[in-house]
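Worksheet: one structure, shown below.
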Amino acid sequence: MKFASSYEPNQYEADIYGAWEAAGIFDPKLTTKPIDSDGDGVDDRLESDPSTDRQEGENPRTFSIVMPPPNANGNLHIGHGLTVALEDSLTRYYRLRGASSWYIPGADHAGFETWVVYERNLEAKGHTRFEFDRDELYARVWDFVAEQRGSMELQLRALGASCSWGDLTFTLDENVIDRVYTTFEKMWNDGLIYRGEKLVNFCPKHQTAFADIEVEHKDEKGTLWDIEYKLVDGFATSLIVSTTRPETLFGDMAVAVNPEDKRYKDLIGKHVKLPLTDRTIPIVADEHADPEYGTGAVKITPAHDFDDFEVGERHSLPRLQVISEDGHMINVPEEYEGLTTAECRKKVLKDLKHQGLLKGEKKIIHSVAHCYKCGTVLEPMLKEQWFIDVEKLAKTAIAHLEAGDIKFHPANKQKVLINYLKNLKDWNISRQIPWGIAIPMFRKVDGSATDEPEWIFDRRTNLKEIEKGGVKYVRDEDTFDTWFSSSHWPIVCTNWVEENYNPYYPLNVMETGADILFAWVARMIMMGLYVTGEVPFKEVYLHGLVLDSKGQKMSKSKGNVINPMELVAKYGSDAFRLGILRGRSAGMNQAFSEQSVVSGRNLCNKLWNISRLIQSFVDENGEKESKDSISKHGAGADSHFDNGRGRESGTEIPGRVRPTRCKNDDREPTAVGDEQTESLLSVSRRRPAVFKSTLRNTTFDSYTTENMGEDWICRELNDCLSQVEDDMKNYRFSEAVETLYSTIWDKYADWFLESQKIFKNIPLLKQTLETILIALHPFAPFVTEAIWQNLSWTKGFIAVAKWPARLNFDPISAENFENIRTIVSEVRATLQALPGTNNAKKYGLLFDNDSLMQDNQMLIKILTKVPTVNALNGAPRGLRLALANHELYLDVPAKVVEDYKDSLTKHILAVGRELDGLNLRMMNPNYVEKAPAHLVLETKQQIAEKEKLISRLKAQLSLI
RNA sequence: GGGUCGCUAGCUCAGUUGGCUAGAGCGCUUCGUUUACACCGAAGAGGUCAGGAGUUCGAGCCUCUUGCGACCCACCA
């Protein structure tokens, strides 16, 4: 026997992935040919109406999905593991359903993240970024990334991601930069881009600005100081202002009070002397000042506070920057110049106290902005940056969202996103780090012609200086926020171009983490609509965080990080995928434990053994069957994958599949390597062609069902398929896995296979096994393929098999098997409850006047494992089983029956309680009148059944 | 301040438009090595569905309310 007694994933996974990849089955451009049903030589897709082409129905012709690009030089973490499990299950499912499926992998240059790592590296070697210019740094980081690159791609393969590797998109690929520049130029021309001096969140350590979204707010203890600002112009009074940042008083341009605040009404328009300086500043009226807070008077520092900036704008106040980018005081009186902000705060407080101007302090909790990477307190900094005016973009996006153009999973995220977009502020896209896409803007050199615009767009960002029309311009040294480029992801991955119908855009679904709904999904939607006029994807599936087994967030500092690759190595890729999908629903942060992976591993092993048993039945079936099979399928024995099981050779290591294309003998030649494909490949980056798979396989022998168990399993498998199809349509991965798990284990193995140990309907065994293998393949690709390759009769790759058709069966017979199951369970339970052990071997089963029992004696005997099943032929004896519709007895001695009395009494009471409940319901006239008729009828039947059961149990009891 | 989510068995979670006795995995108890599988088989215990009120013939599900917990956005001089 070629199947080992347990499934060892490590023996198969790498080889199987290699074989898939070599066969090119993950690339829709290689495995498919044009759909040309009308025979006019043109792909129907390209001539059909796009709106009707992407049908909503069960079987889309194309399925496209992009991978949220993992960091090119990093390792995958548990979240990537979940992402791949979700995306790949979808991809494989739709591939089996016959869609031309394109899962496009990516790699992220991870602008800021990578830069932080690189800079740390640089500093460790005693260098700083300031020793190099941007181009040098860019080249150095490029090399750094190139060195580290590749491991995540191997890890994606280990997870079984069936993505089209030839289409891998790196976020710094030329076509990406091209597309980003095109968009930027369009926005520039449309007036959506502006350069503004605004306050930005600036990290003094990393020396770069962030978008609002990247800022992390944390509650912290702080101090609120009251400082006295004295009025000038001969007034004797003074104002007390409250502040948490006394050092910024040098940048104060006004003191604001609320216009409604009676206390200060007369002071509006007067001036105060700014302490520690010679300056005087005005008192202005502004809503921003809250009369309830502190003293109701607030100092205004437009250059160092977001609110003050706005107050400053309203009152046309000048802005004075008093903190430099590296966190030192500038533009301040000499004795403070050059101090750090912390030193300056100390000195200011001391000097104020000395002058008697410090009037009080109290401890408060307030939220403070931090760098999400290093935790440094961010400094609001006045800087010139590029901004996108998001108003129109957001409005368009909201309109499409409200129209329901994108379906969300979970659904509530649609509302959340709309709410976010409604309050969206302009987007700062400038970053002061060299690792990223250069902003293609050039500034006129001072002294040049004055009537030229100050800034011009130009793609030649490789040049520091350019000349246009005799005017010299220098390059802006900033790079784009990575979200600006990655908001183009669906566009660039699918090679969308203007004026060309692209069957893969919009994507069928965007799957990503719920935590980047705003940062990424929102921006992809805005950008997709702006660039293509269409939403970039039809549906969004958001996954939550994977928490540790105690529900805690994983973090290095807590030491509770689970490495997906360790689990894959220990239990296999399939086990990991099954484990992480189980018990998880869209958008929820949910715990994850190794235990669920163990359970996945067990299922794989179960499936392996199911297949092993069936193969042994097939082998046993002997010569005749093998001859039949040869005449039907042609010489099935000479395939590339055949490893000689059941035949002569038997020398090869089990499961060592050779990397080769496909074992389909009658396949049409795959396009790999031929001229047509070469030319196809070369144009494919521009315009993807749509093809239909040629790699379909699998022809079933016909079968006839010969007992109730066979009809029943057909029905159960059909139900399972419907359930899985419905679950996949609605992105209920956990439920799909759960359904498959229980169908395979609790139904197929525990009931059907047990019964087949005597009946052995070989054609049906083959077909049903293929059904469960294919249905599970999207979730457990490796073990199903390993089995497929080891079975003697299967062809090709399961990865490109046809989704199973419904099985034919007799529904009455299938339903009757439920009776058999009830009987068998009751026999087992009763035997278990009887005193003594090994009861199943001791007592036979007797039936009276029962055709179901008569016809299925053999089936009942093997399932219950009792030694005999016989007709009663005479007076009842032994123990009557608690079954309403069948008169069955366990042939036990009177003494044993006596001992069983107690549990029988208990049983009668339990049934009695159920009966009471049912009767109560029927006595309610409203129920009888208003509930649907079929429910009322059902209740009536149940009452009748329970009554029958109770009277029989009572009769049994009285006999004892 | 605005918004979202959660509370169901010891643990982690399902429960799709309200409808039979509320489910699964793991854990637990008992029995069992029967020629696929101990990564196994059989049987079983365990739940006032966070509390309260309402709508309904009927509520885990709908409405209101209270409590506890998590998260996001904005603000916090």
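A, B, ... follow the sequence lines: proteins, then strands. Residue 1 opens every chain. Computed from a predicted model, the values in this text were never measured in an experiment. Values below: all heavy atoms of this structure, side chains included; hydrogens, waters and symmetry mates excluded.
In this structure, the side chains of Leu224(A) and Thr243(A) stay at 4.5 Å or more apart for every pair of heavy atoms.
For Phe210(A), the ring pair (Phe, Tyr, Trp, His ring centres under 6.0 Å) test picks out Phe112(A), Tyr372(A), with sequence neighbours left out. Partners of Phe733(A) according to the ring pair (Phe, Tyr, Trp, His ring centres under 6.0 Å) rule, which considers only residues two or more places apart in sequence or in another chain, are Tyr541(A). Listed by chain and residue number, Val824(A), Val827(A), Ile860(A), Val866(A) satisfy the side-chain contact (heavy atoms from CB on, under 4.5 Å) test with Thr864(A) (two or more places apart in sequence, or in another chain). For Glu8(A), there are no salt bridge (Lys or Arg N to Asp or Glu O under 4.0 Å) partners, not counting sequence neighbours.
Of the possible donor and acceptor atoms, none in the side chain of Thr784(A) sits under 3.5 Å from a partner among the backbone N and O of Leu776(A).
If you check every strand for non-hydrogen atoms under 4.0 Å, Ala749(A) touches a base. In this structure, Arg732(A) reaches the bases: a heavy-atom distance under 4.0 Å links it to at least one base atom across the strands shown. Within 4.0 Å (heavy atoms only), Asp308(A) reaches no atom of the nucleic acid at all. Across all strands, Lys940(A) comes closer than 4.0 Å to no nucleic acid atom at all (heavy-atom distances). Looking at heavy-atom distances under 4.0 Å, Arg601(A) makes contact with a base. If you check every strand for non-hydrogen atoms under 4.0 Å, Leu517(A) touches nothing. Backbone-only engagement by Phe518(A) is indicated by non-hydrogen atom pairs under 4.0 Å involving sugar-phosphate atoms exclusively. No contact: Glu929(A) has no heavy atom under 4.0 Å from any strand. Heavy atoms of Glu8(A) sit under 4.0 angstrom from at least one base atom.
For Asn201(A) and rA74(B), the CG to C1' distance is 13 Å, given to the nearest whole Å. Across the protein-nucleic acid pair, Ile862(A) atom CD1 and rU34(B) atom C1' stand 9 Å apart, rounded to whole Å. The distance between atom CG of Leu753(A) and atom C1' of rU35(B), rounded to the nearest whole Å, is 15 Å. Distance, Asp515(A) CG to rA70(B) C1': 15 Å, rounded to whole Å. Atom-to-atom, CD of Gln723(A) to P of rG15(B) comes out at 12 Å; the value is rounded to the nearest Å. The distance between atom CG of Leu545(A) and atom C1' of rC71(B), rounded to the nearest whole Å, is 10 Å. Across the protein-nucleic acid pair, Asn419(A) atom CG and rC5(B) atom P stand 12 Å apart, rounded to whole Å. Distance Phe576(A) CZ to rC39(B) P: 23 Å, rounded to the nearest Å.
Base pairing analysis places rC13(B) opposite rG23(B); the two distances defining the Watson-Crick or G-U wobble pair are each below 3.5 Å. In this structure, rC28(B) forms a base pair with rG44(B), meeting either the Watson-Crick or the G-U wobble geometry with both donor-acceptor distances under 3.5 Å. The nucleotide rC62(B) finds its pairing partner in rG54(B), both defining distances of the Watson-Crick or G-U wobble pair being shorter than 3.5 Å. Both distances falling under 3.5 Å, in either a Watson-Crick or a G-U wobble arrangement, occur for no nucleotide opposite rG18(B). Partner assigned to rU33(B) is none, using Watson-Crick or G-U wobble distances below 3.5 angstrom. Of the nucleotides present, rC5(B) is the one that pairs with rG69(B) by Watson-Crick or G-U wobble criteria, both distances under 3.5 Å.
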Exercise for review: Could you encode protein contacts along nucleotides 23-32 of chain B as a string, one character per nucleotide from 5' to 3', using B for base contact, S for sugar-phosphate-only contact and - for no contact, with a heavy-atom cut-off of under 4.0 Å?
Suggested key: -SSS---BSS
Review point. Can His366(A) and Glu220(A) be said to form a side chain to side chain donor-acceptor pair (under 3.5 Å), step by step?
Key: CA-CA 5 Å; His366(A) 61 154; Glu220(A) 276 184 5; 5.6 Å; no
Exercise for review: Could you check Lys359(A) against Asp226(A) for salt bridge (Lys or Arg N to Asp or Glu O under 4.0 Å), going step by step and ending with a plain yes or no?
Suggested key: CA-CA 5 Å; Lys359(A) 294 297 182 187; Asp226(A) 296 333; over 6 Å; no
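Looking at the side chain of Asn609(A), the nearest of the listed nucleotides rC37(B), rU12(B), rG41(B) is rC37(B). You'll find that the side chain of Asn412(A) is closest to rU4(B), out of rU4(B), rA36(B), rU12(B). In the set rC39(B), rA14(B), rC40(B), the nucleotide with an atom closest to the side chain of Asn605(A) is rC39(B). Considering only side-chain atoms of Leu613(A), the nucleotide from rA36(B), rC39(B), rA42(B) that sits closest is rA36(B).
Heavy-atom distances to RNA chain B give each of Met588(A) and Lys299(A) a nearest nucleotide, and the one nearer the 5′ end belongs to Met588(A). Comparing Ile364(A) and Ser6(A) by the nucleotide of RNA chain B whose heavy atom lies nearest to each, the residue mapping closer to the 5' end is Ser6(A).
A sub-4.0 Å separation between OP1 or OP2 of rG41(B) and a side-chain N or O of Lys606(A) is present. Checking the phosphate oxygens (OP1, OP2) of rA36(B), a side-chain nitrogen or oxygen of Lys757(A) falls inside 4.0 Å. Contact annotation: Ser585(A) side-chain N/O to rA14(B) OP1/OP2 distance is under 4.0 Å. Phosphate proximity of rA42(B) to Lys865(A): absent, as no side-chain N or O sits under 4.0 Å from OP1 or OP2.
Side-chain atoms of Ser6(A) and Asn605(A) form no donor-acceptor pair, as typed in the model, at a separation below 3.5 Å. Using a 3.5 Å distance cut-off with no hydrogens or angles, the side chains of Lys299(A) and Thr301(A) do pair a donor with an acceptor.
For the P atom pair drawn from rA24(B) and rA14(B), the interatomic distance equals 16 Å after rounding to whole Å. Only the P atoms considered, rC62(B) is 16 Å distant from rU8(B), to the nearest whole Å. Nucleotides rC75(B) and rG67(B) place their P atoms 28 Å apart, quoted to the nearest Å. Going from the P atom of rG41(B) to that of rG46(B) covers 24 Å, rounded to whole Å. Nucleotides rU17(B) and rU29(B), compared at atom C1', are 40 Å apart to the nearest Å. For the P atoms, the distance linking rC39(B) with rC26(B) amounts to 13 Å, nearest Å. Of the C1' atoms belonging to rC31(B) and rG69(B), the separation is 42 Å, rounded to the nearest Å. Between rA9(B) and rU33(B), the two C1' atoms lie 31 Å apart (nearest whole Å).
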Listed pairs, N/O of protein and of nucleotides 55-58 of chain B, under 3.5 Å:
from    : atom 1 : to        : atom 2 : distance (Å)
rC57(B) : OP1    : Lys930(A) : NZ     : 2.0
rC57(B) : O2'    : Asn924(A) : ND2    : 2.6

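Atom CE of Met858(A) is surrounded by 12 or fewer heavy atoms from other residues, nucleotides or ligands within 6.0 Å.
Scanning atom types as modelled, one donor and one acceptor separated by under 3.5 angstrom connect the side chain of Glu754(A) and the base of rA36(B).
A cation-pi arrangement is present between Arg582(A) and Tyr741(A), with the terminal nitrogen or guanidinium carbon under 6.0 Å from the aromatic centre and inside a 45° cone about the axis. Taking the ring centre of Phe617(A) as origin, the terminal cationic atom of Lys760(A) falls inside the region bounded by 6.0 Å and 45° from the ring axis.
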